[in-house]
Structure formats: structure tokens, C-alpha cells
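Note that these values count all heavy atoms, side chains included, but never hydrogens, waters or copies made by symmetry.
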Amino acid sequence: MRKVNTKTMAEETWASPKRKFAGAGKEISEELGREPRSTDLDKRHPFDVEICRVPPGKTPYPYHSHSAQWEFYHVISGSGVARDTDGNTAIEAGDAFIFKPGEAHQLINNGTEDLILYVVADNPFGESSYYPDSKKWSVRSPEWKLLRSEGLEYYDGEE
């Protein structure tokens, strides 16, 4: 058994250049030995667990959907809103919710204290993401890139 104590784990912080998006996380799975880029399932782990902290007035990520990844959230403390295609839903300590592949979502801390959540995500191979607000795609094959393009015909550039 491998064991860690989340109270003593380092917290990784991030912010966008203009600081609209900001957050912090304790990557529990990685601390337990998960190798995110590995194709070996024993090293990759079947799911990823994080403690995510969102400061007041911030959102950790742009509005997005995943092609294959499921994400489960459990609010530990604080309050905010979860944005999805139906609008904004208030969230608070004790709430649990899930987004399946194809469901666009975003968390927003509109409260006065940190919003802290457990996040559990599976780790599908070949995952991509779509950002509806900015109309861009994130692809991970053959390497991670963000792209924006108009639709093309299947044989465009092939003949």
C-alpha cells in the first residue's frame, strides 16, 4: 500500500495571464505514483483524484467539455456555481455532481471564501476537449495542442 497525507502535500497553483482564471490543487493521484503520460495502466492509474481550491471571485478553467473523460466533483467547503448547458447551479459544501463526456462545464467561486472540492476523473486515452466560448479544441495526439479551425471536407489537402 502506498499512503500520503493531504495535509502535508504541496499545493500547485495556476493562473491565466490576466488572472481571470486561477486555482490551486493537490494532485493526490500523482503523489501516490500516477504517471499521467504513461500508457502503462499500472503507472497511469484508472482515475485521477485532486483536491481543487478556487479562490473567491475566480474560476479555475474556461468553460469546456471532454470527448471521453468523466469528472466527479464533491464540494468540501465554500460555495459557488457550476455552469453547464442549462445555466448556473448553486453549489455548496456537501454537494456532489458529475459531468459525462460531451457535457460542457465550468466552476465559478462567487462566494467570499475558498471553494474546495474533490475532483475524480477517469483517464481515457485519446481524450480531446472543446471550449464553446472561444470555439477552440484541445487535442492530445500526437502531442498536446490547442487549435481553432473551420470545418474541412474529409479529402481537403489529401489529393
Side-chain angles (χ1 to χ4, degrees), residues 2-16 18-38 41 43-141 144 146-148:
R2 188 158 184 176
K3 178 185 134 180
V4 298
N5 188 307
T6 59
K7 292 177 188 175
T8 60
M9 282 179 59
E11 185 179 70
E12 179 183 322
T13 60
W14 64 87
S16 62
K18 295 181 181 177
R19 306 217 30 98
K20 176 179 179 177
F21 303 98
K26 292 186 177 187
E27 303 294 338
I28 300 169
S29 295
E30 290 180 29
E31 191 77 9
L32 288 168
R34 176 178 182 259
E35 296 179 20
R37 300 202 186 283
S38 178
L41 293 178
K43 294 178 183 177
R44 183 181 180 84
H45 296 185
F47 53 85
D48 195 22
V49 180
E50 172 190 22
I51 297 174
C52 180
R53 182 176 61 81
V54 185
K58 298 296 180 185
T59 182
Y61 304 108
Y63 186 56
H64 67 285
S65 64
H66 297 277
S67 65
Q69 181 169 287
W70 289 75
E71 290 181 331
F72 166 83
Y73 295 87
H74 182 228
V75 181
I76 300 168
S77 63
S79 62
V81 296
R83 175 187 174 199
D84 65 10
T85 55
D86 294 329
N88 291 339
T89 301
I91 56 173
E92 63 183 9
D95 287 343
F97 48 97
I98 196 164
F99 293 105
K100 65 182 181 178
E103 290 182 338
H105 56 281
Q106 182 180 49
L107 302 177
I108 303 162
N109 182 348
N110 62 358
T112 58
E113 63 183 68
D114 285 345
L115 173 62
I116 302 175
L117 314 97
Y118 277 110
V119 183
V120 180
D122 62 352
N123 292 310
F125 288 105
E127 166 70 4
S128 64
S129 300
Y130 177 62
Y131 299 82
D133 290 344
S134 56
K135 309 248 185 290
K136 66 185 174 198
W137 296 88
S138 167
V139 295
R140 294 183 176 107
S141 179
W144 191 77
L146 285 166
L147 310 166
R148 187 175 289 126

Can you tell me if [X] uses its side chain to pair, donor with acceptor, with the backbone of [Y] under 3.5 Å?
X    : Y    : value
E30  : E27  : no
W14  : P60  : yes
E71  : A121 : no
H74  : F72  : no
D122 : P124 : no
R44  : S38  : yes
D114 : R53  : no
T13  : A24  : no
K26  : I51  : no
N123 : H45  : yes

Inset, instruction - Step by step, work out the side chain to side chain contact (heavy atoms under 4.5 Å, CB included) result for Y130 and H66. - result: CA-CA 7 Å; Y130 177 62; H66 297 277; over 6 Å; no
Shortest non-hydrogen contact from [X] to [Y]?
X    : Y    : value
S67  : G126 : OG-O, 4.1 Å
V54  : A22  : CG1-O, 4.2 Å
Y73  : F99  : CE1-CD1, 3.6 Å
A104 : P132 : CB-CG, 4.1 Å
Y118 : I28  : CE2-CD1, 4.2 Å

Kindly compute the distance separating [atom1] ([X]) from [atom2] ([Y]), expressed to the nearest 0.5 Å.
X    : Y    : atom1 : atom2 : answer
S128 : R140 : OG    : CZ    : 8.0 Å
S134 : H64  : OG    : NE2   : 11.5 Å
Q106 : Y61  : CD    : OH    : 12.0 Å
R37  : W144 : CZ    : CH2   : 9.0 Å
E50  : E11  : CD    : CD    : 9.5 Å
D84  : S65  : CG    : OG    : 12.0 Å

Hey, are the side chains of [X] and [Y] touching, using non-hydrogen atoms and a 4.5 Å cut-off?
X    : Y    : value
L107 : L117 : yes
L115 : N110 : no
T89  : V81  : no
T112 : P56  : no
W70  : I98  : yes
M9   : V4   : yes
V120 : D48  : no
T59  : N109 : no

Inset, instruction - Scan side-chain atoms only and decide if W137 and S129 contain a donor-acceptor pair under the 3.5 Å cut-off. - result: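 Not at all, the side chains of W137 and S129 share no donor-acceptor pair under 3.5 Å.
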Inset, instruction - Using a strict 4.0 Å threshold on nitrogen-to-oxygen distance, state whether D133 and R83 make a salt bridge. - result: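 Looking at D133 and R83, the cut-off is met.
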Inset, instruction - Please say whether the positively charged group of R34, taken as NZ for Lys or CZ for Arg, lies over the ring of F47, i.e. under 6.0 angstrom from the six-membered ring centre and within 45 degrees of the axis. - result: no
Inset, instruction - Tell me, yes or no, whether the heavy-atom count around R19 atom CZ, taken from other residues, nucleotides or ligands under 6.0 Å, exceeds 12. - result: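 Counting other residues, nucleotides and ligands, CZ of R19 stays at 12 neighbours or fewer.
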